[in-house]
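Okay, so here's the structure we're looking at.
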Amino acid sequence: PFPLSSEFTLYEGIDPHPQKPHAALWKAIDPKGNRYVVAELKCEDGIHEFGKRIVEKRNELRRRGALLHRSIADTSLNQDDPAFRMNLKDELCQVLRDHGESVMPQNAQKRDWLEAGITKVKDLYRPIVVEGTNQRRPTQFVFKNCTSYKYELTHYQWPKKQILENTKPIAKDNDLL
């Protein structure tokens, strides 16, 4: 990994889970449009602790001037925690505000975007010709510290029998994707 200067814009993805570890992923984009998966977080503790760890990771990533532009959360963030009868998004946003954060997670707009999203991720790793050269390279790179993301990317699975055209991937090992 390399330090993220003010030339980089950060995007954060949050995937909360009441029954399994919460997950978050950060991507940085440089002025040329190259994307870098720079950090990941899994948290088995409650949403309050998850929020505190998000703040720590944000501070670490912004230390050299990178700007956090947007935070997108899975729609499951907008659920009530049955144990505490509190909305997960409200609790997470409160923790972020308590620590001086101004960028709050927005709910993802996920209407039938599964296949389009999968295609987009595949395209990011397909080599393209670099403008002004004969070199070919992908437009997304993964920092070595993002081991869970790499694992999920290489273990994403579809059912062995796809009965219908709109068969969905197996909901396993996909929290950071």
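Remember, predicted model here, so these are calculated numbers, not experimental data. For this chain, numbers begin at 1 and follow the sequence in order.
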(request) Might you point out which heavy atoms bring Ala28 and Leu10 nearest each other, and give the distance in Å? (result) CB-CD2, 3.8 Å
(request) Give the C-alpha distance, both sets of side-chain angles, the deciding distance and a yes or no for side-chain contact (heavy atoms from CB on, under 4.5 Å) between Leu96 and Arg58. (result) CA-CA 10 Å; Leu96 296 175; Arg58 285 179 174 187; 4.1 Å; yes
(message) Restricting to non-hydrogen atoms, name the atom on Ser71 and the atom on Ile14 that form the minimum distance, rounded to 0.1 Å.
(response) OG-CD1, 3.5 Å
(message) Check for me, please, whether Tyr11 and Val55 land in the same ILVMFWY cluster - side-chain distances under 4.5 Å, paths through other members count.
(response) no
(request) Mind listing the closest non-hydrogen atom pair of Lys144 and Lys150 along with its distance? (result) CA-NZ, 3.5 Å
(request) Output yes when Arg62 and Glu101 qualify as a salt bridge under the 4.0 Å nitrogen-oxygen rule, no when they do not. (result) yes
(message) Nearest 0.5 angstrom please: Ser148 OG to Leu25 CG, how far?
(response) 10.0 Å
(request) Taking side-chain hydrogen bond (donor to acceptor under 3.5 Å, both in side chains) as the test, write out the residues that go with Asp98, two or more places apart. (result) Gln94
(request) If the plane angle is over 60° it's perpendicular, under 30° parallel, otherwise tilted; pick one for Phe50 and His22. (result) parallel
(message) Within the supplied structure, the quantity of interest is the number of heavy atoms (other residues, nucleotides, ligands) at a distance under 6.0 Å from Arg64 CZ; does it exceed 12?
(response) no
(message) Between Glu40 and Ala23 (side chain of the first, backbone of the second, donor and acceptor by atom type, cut-off under 3.5 Å), is there such a pair?
(response) no
(message) Nearest 0.5 Å, please: how far is CD in Glu152 from SG in Cys146?
(response) 11.0 Å
(request) May I ask you to check whether over 12 heavy atoms, not counting those of Glu60, lie within 6.0 Å of atom CD? (result) yes
(message) Would you compute the distance between atom CG of Leu92 and atom CG of Asn87 and round it to the nearest 0.5 angstrom?
(response) 10.0 Å
(request) Measure the shortest side-chain to side-chain distance between Lys52 and Val95 over non-hydrogen atoms and say whether it is less than 4.5 angstrom. (result) yes
(request) Would you please indicate if the ring centroids of Tyr149 and Phe143 are separated by under 6.0 Å? (result) no
(request) Establish whether Leu88 and Met104 are linked, either directly or via other cluster members, by ILVMFWY side-chain heavy-atom contacts under 4.5 Å. (result) yes
(message) Distance check, rounded to the nearest 0.5 Å: Leu68 atom CG versus Phe8 atom CZ?
(response) 15.0 Å
(request) Applying side-chain hydrogen bond (donor to acceptor under 3.5 Å, both in side chains), name anything that partners Arg53, two or more places apart in sequence or on another chain. (result) Asp45, Glu49
(request) Could you tell me the separation between the CG atom of Leu4 and the CD1 atom of Ile29, rounded to the nearest 0.5 Å? (result) 12.0 Å
(message) Quick check: closest heavy atoms across Ala73 and Pro105, and the distance to 0.1 Å?
(response) CB-CB, 3.9 Å
(request) Check Asp30 against Tyr36 and note the closest heavy-atom contact, atom names and distance. (result) OD2-OH, 3.3 Å
(message) Here's a test for you: under side-chain contact (heavy atoms from CB on, under 4.5 Å), which of Val103, Ile54, Ile72, Leu61 qualifies with Glu12?
(response) Ile54
(message) Donor-acceptor pair, distance only, cut-off 3.5 Å: does the side chain of Asp74 make one with the backbone of Pro16?
(response) no
